[in-house]
Amino acid sequence: MKMPILIWVFMVFVHSVPFLEGCKSKPSTTTTPSTTTTTRTTTTTVYSPTFASDPRTFVVNEGNNITLPCYVDDLGGLQIIWERANKTLAVGDTVYEEDGNRVHVQNRENGSTIVIREAEEKDAGEYVCKVGAVELKHTVQIIVRPEVEPDPKSGVVTVKEGEPATLSCKVTRGNPEMAINWELESVRCARYYNWSLYKTCQGYPIFWFGLSNIIPEARRWSSGVYRCKANNGWPEPATAEIRLEVQHTPILSLTPSLDYTRYWTELMLMCSITASPLATVEWYKDGQMIEVEEDVTTGEEQVTHRLHLKEMGQGYNNKNETWVLDQDRLGLYECRARNMMGEASGAMEIISSCDRDGQVQCFKRVKEIEKLVPAQLVNNTEVNNEEED
């Protein structure tokens with residue numbers, strides 16, 4: 001009885017297993033294929049040397065050589081490239097500059113020097129030395145020889161006394177910008193009250209610093225040579241000379257001189273004249289013009305006319321007790337100087353014989369006179385001169 005029951009239980013169990021498996025929740029597994037990518041990066045280190053040269057500014061005179069150094073601690077097999085204005089000048093020993101005859105590269109173990117011969121104004125600028133990824137920059141400034149000329153080109157400015165005078169010069173060449181200064185050369189450079197006292201200047205500086213300067217009212221002492229100097233750092237400044245001629249009435253000084261010889265005494269009257277334009281000179285005695293033998297000396301600023309009056313007295317060894325000076329030799333001797341601006345005169349009165357033994361002053365000075373020519377006469381003179389030309 002027990003056996004059938006066991007068999008029945010076994011059979012129920014066997015048939016129940018699939019049923020139970022069918023009702024059970026079964027886990028689901030999804031497999032996704034995966035791709036693994038391996039990236040390999042190769043890093044290249046560029047060698048960068050260290051410069052042993054420092055960036056500099058080179059100031060070079062026109063015509064001299066430009067020499068620019070570029071040295072590093074170790075080239076490491078690299079070549080040096082020189083450039084200017086984004087243009088290659090040289091690579092290693094090879095020069096690419098069109099004007100290659102002036103460019104030369106001197107290579108050394110750890111650097112090079114570029115040389116530009118006979119520098120020109122166009123050579124100014126920035127020069128770049130490249131070594132690998134690093135670069136060195138030099139700046140070049142070219143000093144161009146200055147040139148100036150007078151304005152007007154004739155170098156002569158003529159005005160009448162009291163008129164304004166403009167003195168100018170013009171820079172025709174040069175770089176960088178010029179510093180302008182002026183000086184006087186061999187002129188009366190100070191105002192003075194007594195015209196017999198004057199000072200001659202040579203290279204006397206004046207406080208003018210522009211290319212053009214005006215003397216509001218030119219005076220006779222303003223006449224002379226004015227020198228315009230332009231300086232831009234060149235070894236010698238450029239110079240232009242302008243001669244200012246201030247036309248004025250003659251200035252006259254009459255001076256006597258006695259020359260005692262063995263037998264006779266000579267009286268010489270010296271008439272010194274400063275005038276612009278030059279004055280004509282005439283001698284008068286007692287108001288009448290006389291003919292005299294020319295004895296004229298021309299100096300830097302004045303002209304001296306001499307009147308020789310011989311046998312105006314007895315010399316130290318003349319024992320002629322009957323000699324008497326002809327009374328016609330006595331009288332008023334006058335020197336007159338005249339130009340288009342006016343006239344001046346000076347006179348000396350001879351009052352007795354000029355004997356050596358007597359030591360008596362035989363002459364008497366008469367005050368010098370200066371007369372202005374009326375403006376109408378000056379204008380007429382100018383018109384006549386133009387017609388003659």
Side-chain angles (χ1 to χ4, degrees), residues 161 188 192-198 220-221 248-374 377-378:
E161 189 169 27
R188 296 174 177 176
Y192 39 82
Y193 180 76
N194 188 341
W195 279 94
S196 64
L197 302 175
Y198 63 89
R220 57 191 70 179
W221 55 76
H248 59 85
T249 57
I251 305 163
L252 183 148
S253 175
L254 186 61
T255 306
S257 174
L258 288 170
D259 183 14
Y260 298 107
T261 63
R262 183 174 182 182
Y263 292 105
W264 301 105
T265 301
E266 178 181 314
L267 174 61
M268 180 172 59
L269 300 181
M270 295 182 293
C271 185
S272 300
I273 302 151
T274 301
S276 177
L278 290 175
T280 57
V281 176
E282 296 172 336
W283 289 95
Y284 290 79
K285 179 181 181 297
D286 298 327
Q288 298 295 317
M289 189 171 68
I290 58 176
E291 297 292 333
V292 299
E293 184 179 346
E294 287 290 334
D295 183 4
V296 182
T297 302
T298 302
E300 182 179 353
E301 293 188 351
Q302 62 184 11
V303 179
T304 300
H305 296 253
R306 296 175 179 84
L307 173 61
H308 298 272
L309 300 176
K310 299 180 179 180
E311 298 185 9
M312 294 298 292
Q314 291 181 300
Y316 61 85
N317 201 29
N318 191 331
K319 306 302 182 182
N320 188 346
E321 297 179 358
T322 62
W323 181 86
V324 178
L325 178 64
D326 188 346
Q327 294 301 300
D328 289 342
R329 309 290 300 280
L330 303 179
L332 188 67
Y333 290 82
E334 183 182 7
C335 174
R336 295 181 187 177
R338 180 184 179 88
N339 65 6
M340 59 178 286
M341 299 299 295
E343 69 175 45
S345 65
M348 198 74 62
E349 185 178 5
I350 310 301
I351 56 178
S352 66
S353 62
C354 305
D355 298 324
R356 174 67 176 86
D357 292 339
Q359 291 290 311
V360 177
Q361 184 166 319
C362 58
F363 54 83
K364 182 171 62 175
R365 187 188 303 272
V366 179
K367 183 178 180 180
E368 285 97 3
I369 300 174
E370 178 181 322
K371 296 179 181 179
L372 296 175
V373 173
L377 180 55
V378 173

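- Contact detail for A337 and V281: the closest heavy-atom pair is CB-CG2, 4.3 Å.
- Using modelled atom types, no side-chain atom of K310 and backbone atom of W264 make a donor-acceptor pair closer than 3.5 Å.
- Interatomic distance, CZ of R220 versus OG1 of T249, reported as 4.5 Å (0.5 Å rounding).
- In terms of modelled atom types and a separation under 3.5 Å, the side chain of R329 and the main chain of S353 share no donor-acceptor contact.
- Neither side chain, R306 nor S257, offers a donor N or O lying under 3.5 Å from an acceptor on the other.
- In this structure, CD on E301 lies 11.5 Å from OG on S276, to the nearest 0.5 angstrom.
- Here the NZ-CG distance, from K285 to L307, works out to 11.0 Å after rounding to the nearest 0.5 Å.
- For N339 (side chain) and H248 (main-chain N/O), a donor-acceptor pair under 3.5 Å exists by modelled atom type.
- Taking every heavy atom of both residues into account, Y284 and M289 meet most closely at CD2-N, 3.2 Å.
- I351 and F363 make their closest contact through CG1-N, 4.0 Å (heavy atoms, listed as atom of the first residue, atom of the second, distance).
- For the residue pair H308 and E266, a side-chain donor N or O sits within less than 3.5 Å of a side-chain acceptor on the partner.
- Remark: M340 CE to T280 OG1 distance equals 13.0 Å, nearest 0.5 Å.
- Taking all atoms of both residues into account, the shortest heavy-atom contact from I273 to H305 is CD1-CD2, 3.9 Å.
- From M348, atom CE reaches atom CG of L254 across 4.0 Å, with rounding to the nearest 0.5 Å.
- Closest approach of L252 to C335, counting heavy atoms only: CD1-O, 3.6 Å.
- Considering all non-hydrogen atoms of both residues, S352 and L330 come closest at N-CD2, 3.6 Å.
- Under a 4.0 Å N-O distance rule, the pair E282/R336 does not qualify as a salt bridge.
- How far CG of L269 is from CD1 of I350: 5.5 Å, rounded to the nearest 0.5 Å.
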